[in-house]
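One structure is given here, and the rest of the page talks about it.
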Number of protein chains: 2
Amino acid sequence: MTKTNLHLEEFLPYRLSYLTNVIGRDLARLYTDKFGIAHAEWRVMAVLGLSSGVSAAIVAEKTAMDKVAVSRAINNMIENKHISRTFADDDKRRSVLKLSDLGRETYEKIVPLVQAYEKDVLNALSNAEQNELNKILNKLKDCVTQSK
Amino acid sequence: MTKTNLHLEEFLPYRLSYLTNVIGRDLARLYTDKFGIAHAEWRVMAVLGLSSGVSAAIVAEKTAMDKVAVSRAINNMIENKHISRTFADDDKRRSVLKLSDLGRETYEKIVPLVQAYEKDVLNALSNAEQNELNKILNKLKDCVTQSK
DNA sequence: ATATAATAGTTTCATTCGTAACTAATTGCA
DNA sequence: TGCAATTAGTTACGAATGAAACTATTATAT
(Lines give C-alpha, C1' and ligand atoms only; values in the text may rest on other atoms or scores of the structure.)
Protein backbone atom coordinates (compact mmCIF):
# COMPACT_ATOMS: atom_id res chain seq x y z
CA MET A 1 0.00 0.00 0.00
CA THR A 2 1.36 3.34 -1.06
CA LYS A 3 0.86 6.43 1.01
CA THR A 4 -0.74 9.40 -0.72
CA ASN A 5 1.37 12.41 0.03
CA LEU A 6 1.59 15.78 -1.55
CA HIS A 7 4.05 18.22 -0.11
CA LEU A 8 2.94 21.64 -1.16
CA GLU A 9 6.36 23.20 -0.55
CA GLU A 10 7.91 20.88 -3.10
CA PHE A 11 5.10 20.95 -5.62
CA LEU A 12 6.15 22.87 -8.73
CA PRO A 13 2.78 24.47 -9.55
CA TYR A 14 2.45 25.72 -6.01
CA ARG A 15 5.97 27.13 -5.92
CA LEU A 16 5.51 28.91 -9.22
CA SER A 17 2.22 30.38 -8.21
CA TYR A 18 3.62 31.54 -4.91
CA LEU A 19 6.53 33.31 -6.60
CA THR A 20 4.27 34.81 -9.23
CA ASN A 21 1.92 36.20 -6.62
CA VAL A 22 4.61 37.80 -4.52
CA ILE A 23 6.36 39.30 -7.53
CA GLY A 24 3.07 40.50 -8.96
CA ARG A 25 2.23 42.22 -5.71
CA ASP A 26 5.65 43.88 -5.54
CA LEU A 27 5.36 45.11 -9.12
CA ALA A 28 1.85 46.40 -8.59
CA ARG A 29 3.25 48.66 -5.92
CA LEU A 30 5.42 50.23 -8.59
CA TYR A 31 2.73 51.06 -11.10
CA THR A 32 -0.54 51.03 -9.17
CA ASP A 33 0.50 52.92 -6.08
CA LYS A 34 2.60 55.49 -7.89
CA PHE A 35 0.75 55.93 -11.17
CA GLY A 36 -2.73 54.53 -10.61
CA ILE A 37 -2.23 52.00 -13.41
CA ALA A 38 -4.04 48.70 -12.86
CA HIS A 39 -2.36 45.40 -13.65
CA ALA A 40 -4.29 44.83 -16.89
CA GLU A 41 -3.55 48.37 -18.00
CA TRP A 42 0.12 47.97 -17.36
CA ARG A 43 0.21 44.87 -19.53
CA VAL A 44 -1.54 46.67 -22.36
CA MET A 45 0.83 49.57 -21.95
CA ALA A 46 3.82 47.25 -22.09
CA VAL A 47 2.68 45.94 -25.48
CA LEU A 48 1.84 49.33 -26.92
CA GLY A 49 5.16 50.74 -25.74
CA LEU A 50 6.91 48.42 -28.16
CA SER A 51 4.24 47.82 -30.79
CA SER A 52 2.44 51.03 -31.48
CA GLY A 53 -0.68 50.87 -33.62
CA VAL A 54 -1.67 47.26 -33.04
CA SER A 55 -5.26 46.11 -32.49
CA ALA A 56 -6.92 44.88 -29.30
CA ALA A 57 -6.74 41.31 -30.59
CA ILE A 58 -2.97 41.56 -30.98
CA VAL A 59 -2.67 42.96 -27.47
CA ALA A 60 -4.72 40.05 -26.19
CA GLU A 61 -2.49 37.60 -27.97
CA LYS A 62 0.77 39.16 -26.78
CA THR A 63 -0.33 39.50 -23.17
CA ALA A 64 -2.22 36.20 -22.97
CA MET A 65 -5.14 38.18 -21.58
CA ASP A 66 -8.64 37.46 -22.78
CA LYS A 67 -10.33 39.92 -25.08
CA VAL A 68 -12.83 41.11 -22.48
CA ALA A 69 -10.07 42.08 -20.08
CA VAL A 70 -8.25 43.85 -22.88
CA SER A 71 -11.38 45.70 -23.94
CA ARG A 72 -11.95 46.93 -20.40
CA ALA A 73 -8.36 47.96 -19.90
CA ILE A 74 -8.38 49.85 -23.19
CA ASN A 75 -11.54 51.72 -22.29
CA ASN A 76 -10.07 52.73 -18.95
CA MET A 77 -6.89 53.87 -20.62
CA ILE A 78 -8.79 55.98 -23.13
CA GLU A 79 -10.66 57.47 -20.19
CA ASN A 80 -7.33 58.18 -18.46
CA LYS A 81 -5.88 59.64 -21.65
CA HIS A 82 -3.09 57.08 -21.66
CA ILE A 83 -3.89 55.80 -25.13
CA SER A 84 -5.66 56.89 -28.28
CA ARG A 85 -7.85 54.72 -30.44
CA THR A 86 -8.71 55.03 -34.09
CA PHE A 87 -10.03 52.34 -36.41
CA ALA A 88 -8.31 50.77 -39.38
CA ASP A 89 -9.18 52.15 -42.81
CA ASP A 90 -9.32 48.74 -44.40
CA ASP A 91 -11.41 47.19 -41.60
CA LYS A 92 -13.51 49.44 -39.44
CA ARG A 93 -13.86 46.81 -36.72
CA ARG A 94 -10.15 46.69 -36.05
CA SER A 95 -8.82 49.21 -33.54
CA VAL A 96 -5.51 51.02 -33.94
CA LEU A 97 -4.10 51.66 -30.49
CA LYS A 98 -1.30 54.02 -29.55
CA LEU A 99 0.09 55.41 -26.35
CA SER A 100 -0.71 59.10 -26.02
CA ASP A 101 2.04 61.50 -25.03
CA LEU A 102 0.91 61.15 -21.44
CA GLY A 103 0.81 57.37 -21.82
CA ARG A 104 4.31 57.21 -23.20
CA GLU A 105 5.56 59.51 -20.48
CA THR A 106 4.08 57.20 -17.85
CA TYR A 107 5.43 54.15 -19.66
CA GLU A 108 8.92 55.58 -19.70
CA LYS A 109 8.73 56.21 -16.00
CA ILE A 110 7.47 52.75 -15.16
CA VAL A 111 9.80 50.69 -17.35
CA PRO A 112 13.01 51.54 -15.46
CA LEU A 113 11.29 50.79 -12.17
CA VAL A 114 10.09 47.36 -13.14
CA GLN A 115 13.39 46.60 -14.84
CA ALA A 116 15.25 47.55 -11.70
CA TYR A 117 12.98 45.26 -9.73
CA GLU A 118 13.60 42.40 -12.13
CA LYS A 119 17.34 42.99 -11.94
CA ASP A 120 17.14 42.94 -8.20
CA VAL A 121 15.43 39.59 -8.24
CA LEU A 122 17.80 38.15 -10.81
CA ASN A 123 20.76 39.26 -8.73
CA ALA A 124 19.86 36.55 -6.28
CA LEU A 125 21.18 34.20 -8.97
CA SER A 126 24.62 33.71 -10.44
CA ASN A 127 25.05 34.42 -14.14
CA ALA A 128 25.12 30.71 -14.84
CA GLU A 129 21.89 30.25 -12.95
CA GLN A 130 20.26 33.10 -14.83
CA ASN A 131 21.10 31.40 -18.08
CA GLU A 132 19.83 28.09 -16.81
CA LEU A 133 16.60 29.72 -15.71
CA ASN A 134 16.12 31.19 -19.15
CA LYS A 135 16.55 27.86 -20.79
CA ILE A 136 14.32 26.11 -18.29
CA LEU A 137 11.49 28.62 -18.54
CA ASN A 138 11.55 28.31 -22.31
CA LYS A 139 11.36 24.56 -22.12
CA LEU A 140 8.53 24.63 -19.61
CA LYS A 141 6.61 27.13 -21.64
CA ASP A 142 6.87 25.01 -24.77
CA CYS A 143 5.87 21.95 -22.85
CA VAL A 144 2.75 23.37 -21.23
CA THR A 145 1.61 25.33 -24.25
CA GLN A 146 1.70 22.43 -26.63
CA SER A 147 -0.80 20.56 -24.47
CA LYS A 148 -3.41 23.27 -24.80
CA MET B 1 19.87 59.08 -25.06
CA THR B 2 18.77 55.62 -24.01
CA LYS B 3 15.80 53.93 -25.55
CA THR B 4 13.16 52.68 -23.20
CA ASN B 5 12.41 49.12 -24.13
CA LEU B 6 10.67 46.35 -22.32
CA HIS B 7 10.33 43.05 -24.08
CA LEU B 8 7.52 41.20 -22.41
CA GLU B 9 8.68 37.82 -23.71
CA GLU B 10 11.97 38.23 -21.88
CA PHE B 11 10.64 39.82 -18.74
CA LEU B 12 10.86 37.40 -15.82
CA PRO B 13 7.66 38.41 -14.00
CA TYR B 14 5.68 38.07 -17.20
CA ARG B 15 7.15 34.68 -18.04
CA LEU B 16 6.47 33.35 -14.57
CA SER B 17 2.94 34.61 -14.54
CA TYR B 18 2.29 33.13 -17.96
CA LEU B 19 3.54 29.72 -16.89
CA THR B 20 1.63 29.87 -13.63
CA ASN B 21 -1.61 30.69 -15.41
CA VAL B 22 -1.35 27.93 -17.95
CA ILE B 23 -0.38 25.36 -15.36
CA GLY B 24 -3.12 26.55 -13.03
CA ARG B 25 -5.67 26.17 -15.78
CA ASP B 26 -4.46 22.68 -16.63
CA LEU B 27 -4.59 21.61 -13.00
CA ALA B 28 -8.04 23.08 -12.50
CA ARG B 29 -9.25 20.75 -15.20
CA LEU B 30 -8.13 17.86 -13.02
CA TYR B 31 -9.94 18.80 -9.84
CA THR B 32 -12.69 21.21 -10.88
CA ASP B 33 -14.00 19.45 -13.94
CA LYS B 34 -13.80 15.96 -12.48
CA PHE B 35 -14.58 16.55 -8.80
CA GLY B 36 -16.22 19.95 -8.61
CA ILE B 37 -13.48 21.20 -6.29
CA ALA B 38 -12.69 24.90 -6.68
CA HIS B 39 -9.11 26.14 -6.68
CA ALA B 40 -9.25 27.52 -3.13
CA GLU B 41 -10.81 24.30 -1.89
CA TRP B 42 -8.14 22.20 -3.48
CA ARG B 43 -5.46 24.22 -1.74
CA VAL B 44 -7.14 23.76 1.62
CA MET B 45 -7.52 20.09 0.90
CA ALA B 46 -3.84 19.79 0.05
CA VAL B 47 -2.90 21.17 3.45
CA LEU B 48 -5.38 19.07 5.40
CA GLY B 49 -4.31 15.95 3.56
CA LEU B 50 -0.91 16.24 5.20
CA SER B 51 -1.68 18.21 8.34
CA SER B 52 -4.93 16.97 9.79
CA GLY B 53 -6.44 18.96 12.63
CA VAL B 54 -4.86 22.34 11.96
CA SER B 55 -6.73 25.63 12.23
CA ALA B 56 -7.90 27.97 9.48
CA ALA B 57 -5.06 30.35 10.31
CA ILE B 58 -2.49 27.62 9.73
CA VAL B 59 -4.13 26.75 6.44
CA ALA B 60 -3.95 30.40 5.42
CA GLU B 61 -0.29 30.53 6.32
CA LYS B 62 0.63 27.33 4.50
CA THR B 63 -1.30 28.17 1.35
CA ALA B 64 -0.46 31.89 1.30
CA MET B 65 -4.20 32.53 0.92
CA ASP B 66 -5.87 35.27 2.91
CA LYS B 67 -8.09 34.34 5.82
CA VAL B 68 -11.29 35.40 4.08
CA ALA B 69 -10.63 33.06 1.18
CA VAL B 70 -9.82 30.27 3.59
CA SER B 71 -12.96 30.89 5.60
CA ARG B 72 -15.10 30.70 2.49
CA ALA B 73 -13.40 27.61 1.16
CA ILE B 74 -13.83 25.89 4.51
CA ASN B 75 -17.52 26.70 4.65
CA ASN B 76 -18.02 25.33 1.17
CA MET B 77 -16.14 22.21 2.06
CA ILE B 78 -18.23 21.66 5.18
CA GLU B 79 -21.29 22.10 2.99
CA ASN B 80 -19.88 19.54 0.55
CA LYS B 81 -19.01 17.17 3.38
CA HIS B 82 -15.36 17.19 2.41
CA ILE B 83 -14.17 18.32 5.82
CA SER B 84 -15.32 18.36 9.40
CA ARG B 85 -14.84 21.21 11.83
CA THR B 86 -14.69 21.18 15.59
CA PHE B 87 -13.19 23.80 17.88
CA ALA B 88 -10.16 23.48 20.13
CA ASP B 89 -10.82 22.69 23.78
CA ASP B 90 -8.22 25.12 24.99
CA ASP B 91 -9.35 27.96 22.70
CA LYS B 92 -12.89 27.96 21.42
CA ARG B 93 -12.05 30.41 18.63
CA ARG B 94 -9.60 28.07 16.99
CA SER B 95 -11.01 25.60 14.49
CA VAL B 96 -9.81 22.03 14.18
CA LEU B 97 -10.15 20.97 10.59
CA LYS B 98 -10.02 17.45 9.20
CA LEU B 99 -10.80 15.82 5.93
CA SER B 100 -13.92 13.69 6.17
CA ASP B 101 -13.86 10.16 4.77
CA LEU B 102 -15.34 11.54 1.58
CA GLY B 103 -12.79 14.36 1.58
CA ARG B 104 -9.88 12.00 2.00
CA GLU B 105 -11.25 9.75 -0.70
CA THR B 106 -11.41 12.69 -3.09
CA TYR B 107 -7.96 13.88 -2.01
CA GLU B 108 -6.49 10.48 -2.71
CA LYS B 109 -7.98 10.51 -6.16
CA ILE B 110 -6.75 13.99 -6.99
CA VAL B 111 -3.19 13.71 -5.69
CA PRO B 112 -2.00 11.12 -8.21
CA LEU B 113 -3.53 13.16 -11.03
CA VAL B 114 -1.79 16.38 -10.12
CA GLN B 115 1.44 14.55 -9.42
CA ALA B 116 1.29 12.92 -12.81
CA TYR B 117 0.76 16.32 -14.34
CA GLU B 118 3.74 17.75 -12.47
CA LYS B 119 5.87 14.81 -13.54
CA ASP B 120 4.82 15.37 -17.10
CA VAL B 121 5.91 18.97 -16.96
CA LEU B 122 9.18 18.17 -15.23
CA ASN B 123 9.95 15.56 -17.87
CA ALA B 124 10.55 18.40 -20.27
CA LEU B 125 13.72 18.96 -18.25
CA SER B 126 16.81 16.85 -17.76
CA ASN B 127 17.58 15.68 -14.25
CA ALA B 128 20.30 18.28 -13.96
CA GLU B 129 17.89 20.99 -15.00
CA GLN B 130 15.32 19.79 -12.50
CA ASN B 131 17.89 20.14 -9.75
CA GLU B 132 18.90 23.56 -10.99
CA LEU B 133 15.29 24.64 -11.06
CA ASN B 134 14.84 23.54 -7.46
CA LYS B 135 17.81 25.53 -6.34
CA ILE B 136 16.79 28.55 -8.36
CA LEU B 137 13.20 28.59 -7.14
CA ASN B 138 14.41 28.39 -3.56
CA LYS B 139 16.75 31.30 -4.07
CA LEU B 140 14.12 33.39 -5.78
CA LYS B 141 11.61 32.65 -3.07
CA ASP B 142 14.01 33.72 -0.34
CA CYS B 143 14.89 36.82 -2.26
CA VAL B 144 11.37 38.05 -2.89
CA THR B 145 10.05 37.10 0.51
CA GLN B 146 12.69 38.93 2.46
CA SER B 147 11.77 42.18 0.75
CA LYS B 148 8.19 42.02 1.95
C1' DA C 1 -10.74 41.53 39.16
C1' DT C 2 -11.37 44.36 35.33
C1' DA C 3 -10.42 46.96 31.37
C1' DT C 4 -7.73 46.91 27.14
C1' DA C 5 -5.52 44.70 23.53
C1' DA C 6 -4.92 40.93 20.54
C1' DT C 7 -6.50 36.89 17.96
C1' DA C 8 -9.69 33.59 15.16
C1' DG C 9 -12.85 33.71 12.16
C1' DT C 10 -17.07 35.75 9.59
C1' DT C 11 -19.83 39.13 7.17
C1' DT C 12 -20.38 42.98 4.19
C1' DC C 13 -19.54 45.52 0.34
C1' DA C 14 -17.22 47.09 -3.65
C1' DT C 15 -14.27 45.53 -7.40
C1' DT C 16 -12.44 42.16 -10.56
C1' DC C 17 -12.87 38.45 -13.66
C1' DG C 18 -14.54 35.16 -16.97
C1' DT C 19 -18.16 33.04 -19.80
C1' DA C 20 -21.73 33.66 -22.86
C1' DA C 21 -24.64 36.36 -25.51
C1' DC C 22 -24.68 40.26 -28.40
C1' DT C 23 -23.68 44.06 -32.26
C1' DA C 24 -21.29 45.53 -36.16
C1' DA C 25 -18.22 44.81 -39.98
C1' DT C 26 -16.12 41.74 -43.21
C1' DT C 27 -15.35 37.50 -45.84
C1' DG C 28 -16.61 33.55 -48.50
C1' DC C 29 -19.27 31.19 -51.41
C1' DA C 30 -23.35 29.87 -54.06
C1' DT D 1 -25.47 39.97 -55.87
C1' DG D 2 -26.95 38.12 -51.47
C1' DC D 3 -26.91 35.10 -47.55
C1' DA D 4 -24.26 32.34 -44.11
C1' DA D 5 -20.12 32.18 -41.49
C1' DT D 6 -16.30 34.58 -39.30
C1' DT D 7 -14.07 38.14 -36.87
C1' DA D 8 -13.42 42.47 -33.71
C1' DG D 9 -14.95 44.21 -29.96
C1' DT D 10 -18.60 45.23 -26.20
C1' DT D 11 -22.20 44.28 -22.86
C1' DA D 12 -24.45 41.63 -19.29
C1' DC D 13 -24.38 38.71 -15.66
C1' DG D 14 -22.81 35.47 -12.16
C1' DA D 15 -18.80 33.87 -9.53
C1' DA D 16 -14.43 34.88 -7.24
C1' DT D 17 -11.64 38.18 -4.61
C1' DG D 18 -9.99 41.53 -1.22
C1' DA D 19 -10.28 45.24 2.20
C1' DA D 20 -12.53 46.74 6.16
C1' DA D 21 -15.68 46.36 9.77
C1' DC D 22 -17.57 43.20 12.97
C1' DT D 23 -18.37 39.21 16.71
C1' DA D 24 -16.60 36.18 19.97
C1' DT D 25 -12.96 34.51 22.68
C1' DT D 26 -8.55 34.73 24.96
C1' DA D 27 -4.36 37.14 26.72
C1' DT D 28 -2.25 41.06 29.08
C1' DA D 29 -1.58 44.74 32.20
C1' DT D 30 -2.76 47.33 35.99
Side-chain angles (χ1 to χ4, degrees), chain A residues 17-18 20-22 24-26 28-29 31-33 36-44 47-48 53-80 83-98 148, chain B residues 17-18 20-22 24-29 31-33 36-44 47-48 51 53-80 83-98 148:
Chain A
S17 124
Y18 182 92
T20 299
N21 289 340
V22 177
R25 184 159 34 71
D26 286 351
R29 272 204 281 270
Y31 48 75
T32 303
D33 295 1
I37 307 281
H39 184 61
E41 295 169 30
W42 158 245
R43 291 161 83 183
V44 172
V47 170
L48 295 183
V54 300
S55 68
I58 301 289
V59 171
E61 187 201 314
K62 295 214 185 202
T63 53
M65 293 164 72
D66 79 64
K67 62 181 183 170
V68 178
V70 171
S71 168
R72 284 193 273 240
I74 285 172
N75 285 310
N76 292 337
M77 293 171 84
I78 291 172
E79 193 78 19
N80 300 335
I83 65 175
S84 69
R85 174 173 56 191
T86 55
F87 292 89
D89 287 337
D90 60 324
D91 183 343
K92 288 173 205 157
R93 295 169 306 177
R94 204 170 70 239
S95 55
V96 174
L97 304 167
K98 296 181 180 173
K148 201 199 146 177
Chain B
S17 123
Y18 182 91
T20 299
N21 288 340
V22 177
R25 182 160 33 72
D26 286 352
L27 282 179
R29 271 204 281 270
Y31 48 75
T32 303
D33 295 2
I37 307 281
H39 185 59
E41 295 169 29
W42 158 244
R43 291 161 83 184
V44 171
V47 170
L48 295 184
S51 313
V54 300
S55 68
I58 300 290
V59 171
E61 187 202 314
K62 295 214 186 201
T63 53
M65 294 164 71
D66 80 64
K67 63 181 183 169
V68 178
V70 172
S71 168
R72 284 195 273 242
I74 285 172
N75 285 310
N76 292 338
M77 294 170 84
I78 291 172
E79 192 77 20
N80 299 336
I83 65 175
S84 69
R85 174 173 56 190
T86 54
F87 292 89
D89 287 337
D90 60 325
D91 182 345
K92 288 173 203 158
R93 294 169 305 180
R94 205 170 70 237
S95 55
V96 174
L97 304 167
K98 296 182 179 172
K148 201 201 146 176

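Throughout, a chain's letter reflects where its sequence line sits, starting with A, and its residues are numbered from 1.
- Under the 3.5 Å distance criterion, the side-chain polar atoms of A:S55 are left unmatched by any main-chain donor or acceptor of A:V96.
- Across all non-hydrogen atoms, the minimal contact from B:I37 to B:W42 is CG2-N, 3.5 Å.
- Regarding B:N75, its CG atom lies at a distance of 17 Å from the P atom of C:dA8, rounded to whole Å.
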Working for side chain to side chain contact (heavy atoms under 4.5 Å, CB included), residues A:V44 and A:T63: CA-CA 7 Å; A:V44 172; A:T63 53; 5.5 Å; no
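- At its two ends the helix from C:dA1-D:dT30 to C:dA30-D:dT1 runs along axes set 10° apart, each axis drawn from five pairs and the angle rounded to 10°.
- The nearest whole Å value for the distance from the CD atom in B:E61 to the C1' atom in C:dA8 is 14 Å.
- A:D66 is linked by a salt bridge (charged side-chain N to carboxylate O under 4.0 Å, His left out) to nothing, counting only residues two or more places apart in sequence or in another chain.
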From CA spacing to verdict: side chain to side chain contact (heavy atoms under 4.5 Å, CB included), A:R85, A:N75: CA-CA 9 Å; A:R85 174 173 56 191; A:N75 285 310; 3.4 Å; yes
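- Along DNA chain D, the nucleotide closest to B:A88 and the one closest to A:I74 are compared, and the more 5′ of them pairs with A:I74.
- Nucleotide D:dA8 holds its P atom 13 Å from the CG atom of A:L97, rounded to whole Å.
- Under a 3.5 Å cut-off, the side chain of A:S17 and the backbone N or O of B:T20 do not form any donor-acceptor pair.
- Look at A:S55 and you won't find any side-chain N or O under 4.0 angstrom from OP1 or OP2 of D:dA8.
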B/S/- contact track for nucleotides 16-25 of chain C, protein heavy atom under 4.0 Å: -BBBB---BB
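- Remark: the backbone N or O of A:A88 is not paired with any side-chain donor or acceptor of A:R94 at under 3.5 angstrom.
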Side chain to side chain contact (heavy atoms under 4.5 Å, CB included) between A:E41 and A:N80, intermediate numbers included: CA-CA 11 Å; A:E41 295 169 30; A:N80 300 335; 3.4 Å; yes
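- The interatomic distance linking A:F87 (CZ) with D:dG9 (C1') rounds to 8 Å, in whole Å.
- Within the 4.0 Å cut-off from OP1 or OP2 of D:dT10, at least one side-chain nitrogen or oxygen of A:S71 is found.
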